[in-house]
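First the proteins, then the strands, lettered A, B, ... as listed; each starts at 1. Just so you know, these numbers use all the heavy atoms, side chains as well, and skip hydrogens, waters and symmetry mates.
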Number of protein chains: 2
Amino acid sequence: MSKQAEFAVILKMNAMFADLGADELQRLSNLCHTQHLANGEVLFQKGDPGDALFGVRRGQVRIETGASDGSRLTLNFMGSGDLFGEVAVLDGQSRTADATAGEASELFVLRREDFLAFLEREPKVAIKIIALLCQRIRWQSERMEESMLQPLPVRLARRLCALAADFGSEVHISQEQLGVFVGAARESVNRQLQAWRKEAILDLQRGRILLRNMTKLTAIARNE
Amino acid sequence: MSKQAEFAVILKMNAMFADLGADELQRLSNLCHTQHLANGEVLFQKGDPGDALFGVRRGQVRIETGASDGSRLTLNFMGSGDLFGEVAVLDGQSRTADATAGEASELFVLRREDFLAFLEREPKVAIKIIALLCQRIRWQSERMEESMLQPLPVRLARRLCALAADFGSEVHISQEQLGVFVGAARESVNRQLQAWRKEAILDLQRGRILLRNMTKLTAIARNE
DNA sequence: GGAGAAGTGTGTCATAAGTCACATAACTTT
DNA sequence: AAAGTTATGTGACTTATGACACACTTCTCC
């Protein structure tokens, strides 16, 4: 499968472009480039000009925001097939968060200038974009509540459930990363995981978490 | 000034429609209705169908989200001239937050069906809407960081500064409301305010806060 | 295979905030 | 003006979590 066709599939999967016609999709896909990232490499930082949209071909990219004091909060975790940077590509303003490769990755890149030119040629797409943006706004609000009003066990359970949906019952992530992910200290994460291990909800290995009892975990995620 | 003309001014002020032509604006304004709310009356709740956009003609409306356990977090505080419900009116999905009148209020109402019909007639406006939505997304991200990564004094100072910008140095709000506003217990708010009073940063009265030293307050808001 | 690095397990302690329980104080209503 | 209601002030206690410190276990690389 050509690079372009692969990108078209990613676009199609991502709701933003889900109901574009095959022809529109193909013309859009033809505009893409690719880019490689080493593990830990920074793709962009807060404040950088937002001049492209990215799709993950393989690998993993963390979207995170850092407070001035160094505490970080991971907003999202993009895996194969995920798109990000839609906002920056539309309005061209600077990035609101940092993006770092969580492992060696390859990305599809759709540059702003190319995308805008496309939108100009195909105004019907603009209408669909509005719906996507609304969806994004809603998603953000939910995320907001989740991360601040809920206690750590709930946040942690939710993250694990979300990761399980992407990667199956064997989640490959360090406790440190998981800590950053839910906005908590590594030690706190560890203690909670230990407690759950004693309840046979999961098992722990170096850099890996094996989810044993998703039923209980989702119950915790729903806040009992 | 007619009701419609007044609504047109509000629309014009609110960036969403800032660069619409006077003619477009007028046709849009003609679609509005008005609605009255008593103090404490609920305009809509999370989950209600999102079938309208609102503009505050006079009064005050709180946009807040409630966790299941009853803890609440006020996301925004809409005063005269503010618009809200743009997202729901565009995608028609259910409300993501609650809206309650903070005092007796009068609202402009623009119904979804009317608005969509308008957009269909004037496709150029759709493009401008995209920019607004992007802006909204960015604003939300900032809000998110503010409210969760910062300690209470910082959040409180920021809110007071924001309120001061709207209402001057005499902010008319109860400590209870302020607590809901920054997502903290009333008592904690009180203790912090007391501490600031001892430092001559502000003065307290029943239902009222007098800001004495905005310099220090903004310093705290910037996290020292 | 030895040295170091990276990840993990756990104890102790400090601290910010929430909760509860009142005591006032200030407005409202009758 | 008496009674009730709402807003505020404050102390005592609890709890969740972060911070530090350190032991122990894998992995990796020379």
Side chains of B/N190 and B/Q175: do they bring a donor and an acceptor to under 3.5 Å? yes
Give the rounded distance in Å between these two atoms: [atom1] of [X] and [atom2] of [N].
X	N	atom1	atom2	value
A/R186	D/dC20	CZ	P	13 Å
B/L193	D/dG9	CG	C1'	11 Å
B/E187	D/dT15	CD	P	17 Å
A/L156	D/dT17	CG	P	10 Å
A/R208	D/dT25	CZ	C1'	15 Å
A/Q150	D/dT17	CD	C1'	16 Å
A/Q175	D/dC27	CD	C1'	16 Å

Polar side-chain atom of [X] near backbone of [Y] as donor-acceptor pair, under 3.5 Å:
X	Y	result
B/E41	B/A38	yes
B/R208	B/S174	no
B/R158	B/A221	yes
B/T215	B/N213	no
A/D51	A/R112	no

Closer than 4.0 Å, any side-chain N/O of [X] to the OP1 or OP2 of [N]?
X	N	value
B/N190	D/dT8	no
A/Q192	D/dT17	no
B/S174	D/dA7	no

Starting at the 5' end of DNA chain D and moving along, which residue's nearest nucleotide shows up first, A/R206 or B/G207? B/G207
DNA chain D nearest-nucleotide lookup for B/Q205 and A/A185: closer to the 5′ end is B/Q205
Report which part of the nucleic acid B/Q194 touches: base, sugar-phosphate, or nothing (heavy-atom distance under 4.0 Å, all strands). sugar-phosphate
Is A/R58 paired with A/E106 through a side-chain N to carboxylate O contact shorter than 4.0 Å? yes
What is the 5' to 3' range of DNA chain C, first to last nucleotide, that sits under 4.0 Å from any heavy atom of chain B? C/dA17 to C/dC27
Residue B/R191, side-chain atoms from C-beta onward, closest of D/dA21, D/dA12, D/dT6: D/dA12
